[in-house]
Asks: 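Please find one structure pasted underneath; my questions will follow.
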Amino acid sequence: MRRDPVLGQLALLDDVGPPRRGRAYPATGATWALLAPAALLLGGLLAWPVLRTVQASVTTDGRWVGAEHYRAALTSPGAGAAVGRTVLWALLVPTVVTVLGYLLAAASRRSQEGWLVRFILVVPTALPLVVTGVTFRLLYDPDPQRGPVTLLLAWLTGTPERVPHLLGPRLVTVAVMSAFVWAWVGLAVLVFRAALDTVPADLVDAVRAFGGSRRDVFWDAQWRPLMLRTVAVVFALVAVGTSRTFDLILVMTPGSVRDEASVLALRIWQTSGATTTGQGAALGVIWLVAVTAGMLVVSMFIRQAWPPPPPRAVPASAPPPRRLVRLLAAAAAVAWLLPLGVLAATSSQSPVRAATAAWWSGPPGLDSYRAVLGGTGLWRSLGFTLLLALVVTAVVLCVALLAAYPLAWLTGPPAQAVGLALLAAAVVPVQVVAGPINEVLGLALSSGTARGLALVHIALGIPFAVLVLRNAFADLPADQVRAARLGERHLWDTLRRLVRHHRTAVVAVAVLEFVQVWNDLVVGLLFSGPDAAPLGWFLAEQTRGFVTGSGTLAAGSVLASILPVLVFVLGRRQIVAGLVAGGVR
């Protein structure tokens with residue numbers, strides 16, 4: 001690239017002419033240098049482990065055995081039921097979350113109490129799933145003297161001895177699904193609210209001017225032009241999120257009924273743990289192919305309509321939902337608080353009273369908080385998890401920013417191929433590749449170290465971060481990039497301008513990565529050790545004596561939830577705006 005003086009100032013000759021993104025692209029050497037950190041991490045801790053899992057699924061001690069491991073894994077007792085529940089989770093739960101999310105977003109739109117409804121619904125989204133599991137296990141306790149739902153069912157039926165146990169073998173899957181829906185509806189409401197705000201008001205007016213009813217407004221002015229593809233986005237997000245049911249099942253279900261709620265995520269862990277076995281690898285390949293294929297199909301459906309157009313001002317004359325609808329939304333928000341109330345009330349009882357009596361039978365106190373704060377276990381886990389989340393978030397941001405810069409100006413088939421590859425890497429379940437990752441870590445790091453745990457989190461977080469930032473950077477007009485290079489004349493200055501222009505996408509990635517690491521259980525369970533025990537793993541260990549330790553466990557859960565909830569609530573506007581700026585393409 002040659003610079004010559006033009007009218008007293010330097011100009012970049014290769015920027016003369018029609019705007020072309022390729023002119024702002026870094027040189028080949030710089031491109032490879034920027035991509036190298038992300039490529040090394042993804043290649044060593046995701047790509048190779050996936051290939052190793054595929055190889056282990058068709059071999060035994062290096063000898064080709066074909067489909068033998070697949071037949072053995074699928075014909076083992078309980079395998080068919082686990083596959084069926086996995087399919088049920090992937091179809092039923094996203095449907096329920098999508099419908100509830102849309103209804104609550106539409107009902108709370110343009111109303112005075114709408115912000116409070118959204119605030120309440122968003123809080124469960126930020127909770128660690130371990131805490132959600134503890135909360136619903138307290139809520140569904142089969143003892144009517146401890147579980148409010150069981151007490152309510154006994155009062156309604158009048159036959160306490162015949163009340164069905166929600167944590168029993170017949171209903172445990174329904175109970176776990178209800179906890180998952182409770183936790184994820186808030187995210188769906190945020191996305192639908194952002195989409196509803198982009199619906200052109202003049203389109204709604206046009207439908208009404210031609211005599212259209214409410215149904216016509218919904219169908220012709222909301223659903224067909226925009227909402228259909230937003231539904232696909234929400235459904236896909238929740239469907240991928242169901243791969244985290246592992247955390248809920250492990251915490252909510254007593255050991256005697258765990259097999260009755262088992263899905264592929266739990267089955268693979270039960271079969272292989274953090275090692276590589278033939279049957280575990282076979283189940284992992286089946287699950288990985290299903291998740292990846294589903295995400296690719298959905299991404300092809302939504303990629304040209306997401307993100308939606310920038311929000312437009314809604315005229316003040318636009319009517320809010322009817323009063324009855326707004327009251328129903330407010331009532332739903334109040335009901336959403338019930339599980340949190342049960343958790344807080346249990347934590348306010350002394351350890352002895354929480355284990356032997358109903359939480360509503362005695363005055364509140366702080367004995368359980370004093371007991372849990374008086375020990376060293378929670379403090380050590382809190383400090384370690386905070387440091388781990390900060391370090392991982394900072395490294396993921398740095399590596400993703402460097403990789404997103406050159407990838408943002410790819411066009412045509414290479415850009416689509418990179419987007420699909422990142423999307424596939426973002427949905428790789430960690431249980432599938434846990435064994436090979438431990439093999440890689442064993443080459444340079446001892447197993448169960450903090451460095452190994454951090455590396456796994458970084459490798460798992462990079463694909464989504466690069467995807468969001470790449471798409472956000474690609475939205476910057478080429479003339480602004482050329483202006484940045486004319487003014488600053490340095491690659492780093494151009495990158496800094498990109499970051500400033502898309503600050504919301506950077507904040508969204510940082511908030512989601514921090515909350516993800518803080519709330520994690522499965523990565524800590526598979527890769528932590530005595531000197532590297534994150535918070536999720538610490539709380540999950542406390543559930544072994546659930547009844548006797550319910551007071552201190554509830555107090556520890558409340559303390560563990562404060563920071564992620566605070567971070568998520570403060571950053572919720574940036575999260576939605578950042579994801580909209582860097583959606584799937």
Side-chain angles (χ1 to χ4, degrees), residues 96-97 100-101 104 108 113-141 146-152 166-167 175-190 241 244 247-248 251-252 328-350 353-354 358-366 368-369 372 378 382 515 518-519 521 535-536 539-540 542-543 546 549-572:
V96 174
V97 171
L100 281 177
L104 290 170
S108 61
E113 64 278 4
W115 70 270
L116 183 60
V117 173
R118 292 190 298 278
F119 175 79
I120 293 174
L121 296 178
V122 162
V123 170
T125 303
L127 292 178
L129 278 179
V130 175
V131 174
T132 301
V134 170
T135 302
F136 274 76
R137 193 164 171 180
L138 292 170
L139 189 70
Y140 294 153
D141 194 307
R146 293 166 48 85
V149 172
T150 306
L151 179 64
L152 177 63
L166 288 171
L167 296 179
V176 179
M177 284 182 173
S178 68
F180 189 91
V181 170
W182 179 78
W184 276 74
V185 162
L187 182 62
V189 170
L190 284 181
R244 298 188 60 196
D247 298 20
L248 275 178
V251 174
M252 272 189 71
L328 289 175
V334 172
W336 235 251
L337 287 174
L338 176 62
L340 290 178
V342 172
L343 179 69
T346 305
S347 70
S348 69
Q349 299 297 307
S350 68
R353 179 174 289 278
W359 50 262
W360 55 84
S361 63
L366 298 175
S368 290
Y369 287 96
V372 73
L378 181 64
L382 282 171
V515 173
W518 183 278
N519 291 349
L521 169 61
L535 192 56
L539 291 176
Q542 306 306 306
T543 61
F546 191 87
S550 57
T552 53
L553 180 58
S557 297
V558 171
L559 295 173
S561 305
I562 293 174
L563 185 57
V565 169
L566 188 63
V567 170
F568 196 87
V569 169
L570 291 178
R572 66 187 187 282

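Here, residue 1 is the first one in the sequence, and each next residue gets the next number.
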Asks: Pick from Thr135, Val176, Asp247: which one makes a side chain to side chain contact (heavy atoms under 4.5 Å, CB included) with Met252?
Replies: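 Answer after filtering Thr135, Val176, Asp247: Val176.
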Asks: Please check this pair: side chain of Asn519 against backbone of Ala126, looking for a donor-acceptor N/O pair closer than 3.5 Å.
Replies: yes
Asks: Going through the checks in order, is the side-chain contact (heavy atoms from CB on, under 4.5 Å) test met by Val251 and Arg137?
Replies: CA-CA 8 Å; Val251 174; Arg137 193 164 171 180; 5.7 Å; no
Asks: Does the side chain of Phe546 reach to within under 4.5 Å of the side chain of Leu138, using non-hydrogen atoms?
Replies: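 Phe546 reaches Leu138 side chain to side chain.
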Asks: For Ala175 and Ser178, work out which heavy atoms get closest and say how close.
Replies: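 Of all heavy-atom pairs spanning Ala175 and Ser178, the closest is O-OG, 2.6 Å.
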Asks: For Ser368, which residues count as a side-chain hydrogen bond (donor to acceptor under 3.5 Å, both in side chains) partner, sequence neighbours excluded?
Replies: none
Asks: Ignoring hydrogens and angles, tell me if any N or O in the side chain of Thr125 forms a donor-acceptor pair with the backbone of Ala183 under 3.5 Å.
Replies: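 Here the side-chain-to-backbone pair exists.
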Asks: To the nearest 0.5 angstrom, please state how far the CG atom of Leu563 sits from the CH2 atom of Trp518.
Replies: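 Between Leu563 CG and Trp518 CH2, I get 4.5 Å after rounding to 0.5 Å.
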Asks: For the atom pair CG (Leu152) and CG (Leu139), what is the distance rounded to the nearest 0.5 Å?
Replies: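 Leu152 atom CG to Leu139 atom CG measures 10.0 Å (nearest 0.5 Å).
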Asks: Would you give the length of the straight line joining atom CH2 of Trp184 to atom OG1 of Thr132, rounded to the nearest 0.5 angstrom?
Replies: 11.0 Å
Asks: Enumerate, atom names and distances included, each donor-acceptor pair closer than 3.5 Å involving a side-chain atom of residues 552-560, sequence neighbours excluded.
Replies:
unit_1: Thr552; atom_1: OG1; unit_2: Gly549; atom_2: O; d: 3.1
unit_1: Ser557; atom_1: OG; unit_2: Leu553; atom_2: O; d: 2.8

Asks: Could you walk me through whether Trp182 and Leu340 satisfy the side-chain contact (heavy atoms from CB on, under 4.5 Å) test, starting with their C-alpha distance in whole Å, then the side-chain angles of each, then the deciding distance to 0.1 Å, before giving a yes or no?
Replies: CA-CA 11 Å; Trp182 179 78; Leu340 290 178; 3.8 Å; yes
Asks: Before giving the answer on side-chain contact (heavy atoms from CB on, under 4.5 Å), spell out for Val131 and Val134 the whole-Å C-alpha distance, their side-chain angles and the decisive distance to 0.1 Å.
Replies: CA-CA 5 Å; Val131 174; Val134 170; 5.6 Å; no
Asks: Atom CG in Leu521, atom CG in Leu535: separation rounded to 0.5 Å?
Replies: 10.5 Å
Asks: Checking the side chain of Ser550 only, and the main-chain atoms of Ala354 only, is there a donor and an acceptor separated by less than 3.5 Å?
Replies: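 Indeed, once roles are kept as given, a pair shorter than 3.5 Å links the two residues.
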Asks: Taking all non-hydrogen atoms of both residues into account, name the closest pair between Ser348 and Ala345 and its distance.
Replies: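 Distance-wise, the nearest heavy atoms are OG-O, 2.6 Å.
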Asks: Output, in order, the C-alpha distance, side-chain angles, deciding distance and verdict of side-chain contact (heavy atoms from CB on, under 4.5 Å) for Val342 and Phe136.
Replies: CA-CA 9 Å; Val342 172; Phe136 274 76; over 6 Å; no
